[in-house]
Amino acid sequence: MDKKKLGERTSWFWKWFLNSQVVVALIIVLLLLLITLVFTKVSYLFEPIGQFFAIVGLPVVIAGILYYLMNPVVNFLERKGIKRSIGIVLLFIVVVALIAWGIVVIVPMIREQVGSLIKSMPGYFDTITDKANEIFKDRSFQPFQEHIESSLQKLLESLTEITQNVSRVTLQGLGSVVSTLATVVIALITAPIILFFLLKDGDKLAPYLLKFLPDKTREPTLRVLTEMNSQLASYIRGQLTVAFAVAVMFIIGFSIAGLNYAITLGILAGFLNLIPYLGSFLAMIPVIFIAIVTSPFMLVKVIIVFAIEQTIEGRIVSPLVLGNQLEIHPVTIMFVLLTAGKIFGISGVILGIPFYAVAKVVVIHIFEWYKRVSPLYDNEGEEKGPVDQ
């Protein structure tokens with residue numbers, strides 16, 4: 001009897017403590033936190049690696065984006081009987097010709113419009129100030145006039161302080177500006193070289209990397225890599241296509257409405273549209289500002305253009321190009337944008353969603369593997385077994 005009771009006690013202790021999934025999970029979390037703490041103490045050892053990726057990262061990102069845009073064209077040319085390397089060279093020639101055309105035709109127009117806008121900004125601010133003063137002098141605003149004037153005074157003081165801080169930081173950061181400019185130049189030189197080899201041998205990269213993995217992990221790893229590649233390709237091609245369509249629609253709409261700086265504002269709207277959900281609304285801030293200064297009728301026309309663009313984009317362009325390929329909830333997208341923007345700035349806002357999509361693929365596959373090996377999901381597996389078959 002004593003042995004039986006000892007066995008029961010031992011089995012109870014083993015079941016609820018030593019063999020507990022919760023305890024094991026907590027131990028794993030604790031070990032991960034300890035490893036993270038150790039890495040923070042020796043982070044200086046990894047600074048050369050960080051500097052290497054800081055230099056290589058930008059050209060790799062540029063080459064990767066262009067790869068997803070140009071690879072379908074190269075594959076199409078290859079199916080038509082053109083050798084892959086020759087097709088890549090022909091595509092490079094076309095892209096260089098388009099860039100040269102843009103530099104000759106579009107860039108001077110943008111430069112002229114931007115210069116005119118900068119010269120007109122003081123007049124715009126004076127007009128806005130005069131209109132605001134007319135509104136505030138109305139009798140209905142008299143009870144709030146002192147509060148409004150004090151708020152405006154504080155706002156001007158804050159803007160002055162911000163301007164002084166920016167000037168000071170700019171003067172102090174000339175070295176970093178030169179360093180950033182050098183990084184951009186290096187990226188523009190090396191990105192085409194990386195892009196050429198990606199287009200030529202990119203399909204061989206995954207099979208080459210899989211050779212270093214055990215046989216049992218090759219198939220699931222290939223499946224994960226394929227899905228990640230599909231998510232990135234769909235997002236990058238879709239977002240850039242939608243951004244281009246938005247820029248064209250805004251340029252046409254603003255030109256028909258007679259708004260000044262239509263080309264510059266349309267291109268800005270297309271670029272900002274790379275930020276999901278927020279881009280078009282951010283692009284409308286300078287547009288509405290200029291429209292208010294121009295005339296009330298111009299403001300009405302600009303709002304009509306924006307409503308038409310949003311309808312076409314939301315009902316036709318985005319569903320046709322993007323669809324529901326990422327399957328990310330809009331609230332999740334907002335959280336990702338806010339978090340990535342806070343941590344990584346504008347690059348985080350632009351690249352946060354595709355990186356989240358890739359991480360989501362990895363997490364889902366890891367969770368599916370855990371469900372297969374964990375006894376916590378035995379009942380679920382038994383229920384879903386006949387359905388999967």
Side-chain angles (χ1 to χ4, degrees), residues 65 69 94-95 97-128 131-132 234-326 330 333-334 337 341 346 349-350 353:
I65 293 173
L69 289 176
V94 172
V95 171
L98 290 175
I99 293 174
W101 174 80
I103 292 174
V104 173
V105 177
I106 298 179
V107 171
M109 298 173 62
I110 296 175
R111 183 178 58 194
E112 180 182 355
Q113 291 188 1
V114 171
S116 176
L117 178 61
I118 292 174
K119 291 179 181 179
S120 303
M121 287 302 291
Y124 286 158
F125 279 114
D126 291 340
T127 304
I128 292 290
K131 290 184 178 181
S234 300
Y235 181 82
I236 291 174
R237 293 170 190 161
Q239 283 296 117
L240 291 177
T241 303
V242 172
F244 177 77
V246 167
V248 172
M249 287 189 289
F250 271 126
I251 290 173
I252 295 173
F254 293 156
S255 299
I256 294 174
L259 183 69
N260 294 329
Y261 322 114
I263 295 177
T264 301
L265 294 173
I267 293 175
L268 177 64
F271 177 76
L272 290 175
N273 198 75
L274 295 173
I275 305 173
Y277 296 101
L278 299 177
S280 297
F281 293 97
L282 293 175
M284 287 303 296
I285 294 175
V287 174
I288 291 176
F289 178 80
I290 295 173
I292 290 174
V293 174
T294 304
S295 67
F297 183 57
M298 178 61 69
L299 178 61
V300 174
K301 291 192 290 185
V302 162
I303 293 174
I304 293 173
V305 170
F306 180 68
I308 294 173
E309 184 277 332
Q310 284 293 296
T311 303
I312 296 175
E313 180 189 353
R315 298 293 180 87
I316 299 174
V317 178
S318 292
L320 186 65
V321 176
L322 292 175
N324 296 317
Q325 294 167 341
L326 292 181
I333 291 178
M334 296 299 296
L337 291 177
I346 185 64
V349 173
I350 297 175
I353 301 300

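All values below were derived from every heavy atom in this structure, side-chain atoms included, with hydrogens, water molecules and symmetry-related copies excluded. Positions are given from 1, in the same order as the sequence printed here.
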Closest approach of Ala247 and Gly270, non-hydrogen atoms and distance?
CB-CA, 3.9 Å

So, using side chain to side chain contact (heavy atoms under 4.5 Å, CB included) as the criterion, who are the partners of Val94 when residues are at least two apart?
Leu98

With sequence neighbours left out, the residues meeting side chain to side chain contact (heavy atoms under 4.5 Å, CB included) with Ile263 are Met109, Ile110, Gln113, Ile251, Ile267

Please name all residues satisfying side chain to side chain contact (heavy atoms under 4.5 Å, CB included) with Ala262, sequence neighbours left out, ordered by chain then number.
Phe254, Ser255

Could I get the full list of side chain to side chain contact (heavy atoms under 4.5 Å, CB included) partners for Leu299, not counting sequence neighbours?
Ile288, Ala291, Ile292, Ile303

Please evaluate residues Met298 and Val293 with respect to the criterion side-chain contact (heavy atoms from CB on, under 4.5 Å), reporting the C-alpha separation (whole Å), side-chain torsions for both, the decisive distance (0.1 Å), and the verdict.
CA-CA 9 Å; Met298 178 61 69; Val293 174; over 6 Å; no

Nearest 0.5 Å please: distance from the CD1 atom of Ile285 over to the CD1 atom of Ile290.
12.5 Å

Under a 4.5 Å cut-off applied to non-hydrogen side-chain atoms, are Ile308 and Ile312 in contact?
yes

Taking the side chain as every heavy atom from C-beta outward, state whether Lys301 and Leu259 have any atom pair closer than 4.5 Å.
no

Mind checking the CZ-CD spacing from Phe306 to Glu313? Nearest 0.5 Å is all I need.
8.5 Å

Between Leu240 and Leu274, is any pair of side-chain heavy atoms under 4.5 Å apart?
yes

Show the nearest heavy-atom pair for residues Phe250 and Gly266, with the distance to one decimal.
CB-CA, 3.9 Å

CG (Asn260) and CG (Leu265) are apart, to the nearest 0.5 Å, by 9.0 Å

Separation between CD (Glu112) and OH (Tyr261), nearest 0.5 Å, reads 10.5 Å

Rounded distance (nearest 0.5 Å) linking atom CD of Gln239 with atom CG of Asn273:
7.0 Å

Nearest-0.5 Å distance that lies between atom CZ in Arg315 and atom CD in Gln310:
11.5 Å

